[in-house]
Amino acid sequence: MSNRNTAAWQAADAAHFLHPFTDFKALADKGSRIVTRADDIYLWDSEGAKILDAMSGLWCVNVGYGQRTLIDAATRQLEQLPFYNAFFQTATPPAIELAQRLAEVTPPSFNHVFFAGSGSEGNDTIVRMVRRYWDIAGRPQRKVIIGRINGYHGSTMAGASLGGMAAMHAQGGLPIPDIVHIDQPYWRPHEDGPSRGLTRDEFGLVAARWLEAKIEEIGADRVAAFIGEPIQGAGGVIIPPATYWPEIERICRRHDILLVSDEVICGFGRTGRWFGCETMGYTPDLMTFAKGVTSGYIPLGGVMVGDRVARALIDEGGEFEHGYTYSGHPVACAVALANLELIQQRRLVEHVHDDVGPYLAAHYARLAEHPLVGSAETCGLMGALRLVQDKARGTPFAPEIGIGMVCRGHCFAEGLIMRAVGDRMIVAPPLVMTRAQVDEMVALIRRCLDLTLEDARRAGWLA
Ligand SMILES: *Cc1c(COP(=O)(O)O)cnc(C)c1O
């Protein structure tokens, strides 16, 4: 790779590279930050600035950067067998071994996996698979899949349709047919809306029953599945009330609807258990995974298929007319195996559950006292701070101010990657993080909040 200076990289980037989810012109005018290397939980840019990556890349680098065993696993597999497919009645050892290991680390009802290249492809597989399941079950009219507003399930046609991002639906004629949405379980008791005046747990039941109302509106005999993230990630780390998921599960069982857990972010230890559904107390029929399965070192995704669906597909389904060139890619599977081994050997799930997760929660409880912070929540190593204009009343800032982006600008300048989703500032740092690194991250967060507060005072944005 050539060694250019920042301006040269930025010029070539602006001339040729269309970035995902980006206003191309605005970025070309401003110039990208060029990230050139990484180690542990830190990144370095082409100007030599060190950055604490509190987003684990894009919710994926759970074991941190520079892990030798993952690098060696990829290198060995590239030398041994860089690629072979699984279409022609063939398989490769890494794919077989990973399928077996995934069956071991997932809840007991999961014994089969369908591999894909990403989370989006995993969710495309979900759509194909649940509709195929109901065909085999002799109820082909069960086609409708219910997702949630502000959910994120990827950016392919099916993934974007299952998700509930209005801006994505507005481009490209989405959602595709027979996908509908209910509202998200976002508890905002101080604002006008469905949760006003309710306790958190009361609201969890109210929000879950929106699913039942939607099923009754459509007719249960037309509904195939419900899909949700245990905790909405890209939607702003929306942690549902504890009452929500058990009630969702009850409703799905009562109406005989498949329950799909999109574990692309919450899987592999993020919430302090292996999978988010375990933290939230439900057992789905299908789970999408990606991101953390390889800690992002190489792309891999897929679907964990529970016994109910697997038995129908295997025993009665005949040929399933679906698959990807890279389903079970040997190098990706080899890296995933090394990643799972590292998670187990370093006891990272326990580390999040017993040590750094509670430690981060204690820090966030103190951040909640900051004058700009209306609420501070964590689950495992995911955290969200909601910035408010009037702390006493919980009044949000006017959206035009873009308070989250103001704060994010300070983070960028101060060497911290913290993401803004509207007025919510979110983190999902690598699971290998030590307590000292949590202290370091929270000190940076506090500094950026203080700088944002100064801006707000100066500009007269506060109540
Ligand atoms: C990132 C994400 C996806 C999409 O995964 P890609 O690998 O980007 O296709 C799907 N679901 C959730 C919950 C995600 O966070």
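Counting convention: from 1, in listed order, for ligands and their atoms alike.
The aromatic ring centres of Tyr326 and Phe83 sit less than 6.0 Å apart.
Qualifying ring pair (Phe, Tyr, Trp, His ring centres under 6.0 Å) partners for Phe397, counting only residues two or more places apart in sequence or in other chains: none.
For residues 284-293, the set of pairs meeting the side-chain hydrogen bond (donor to acceptor under 3.5 Å, both in side chains) definition, not counting sequence neighbours, comprises Asn123-Thr288, Arg253-Asp285. Evaluation of the ring pair (Phe, Tyr, Trp, His ring centres under 6.0 Å) test over residues 53-72, restricted to residues two or more places apart or in two chains, returns none.
The aromatic rings of His322 and Phe114 sit parallel to each other, their planes meeting at less than 30°, with 60° as the upper class boundary.
Contact residues for ligand 1 (protein heavy atom closer than 4.0 angstrom to any ligand atom): Ser118, Gly119, Ser120, Asn123, Tyr152, His153, Gly154, Glu229, Asp262, Val264, Ile265, Lys291.
With respect to Arg386 and Glu191, a salt bridge is recorded, a charged nitrogen being found less than 4.0 Å from a carboxylate O.
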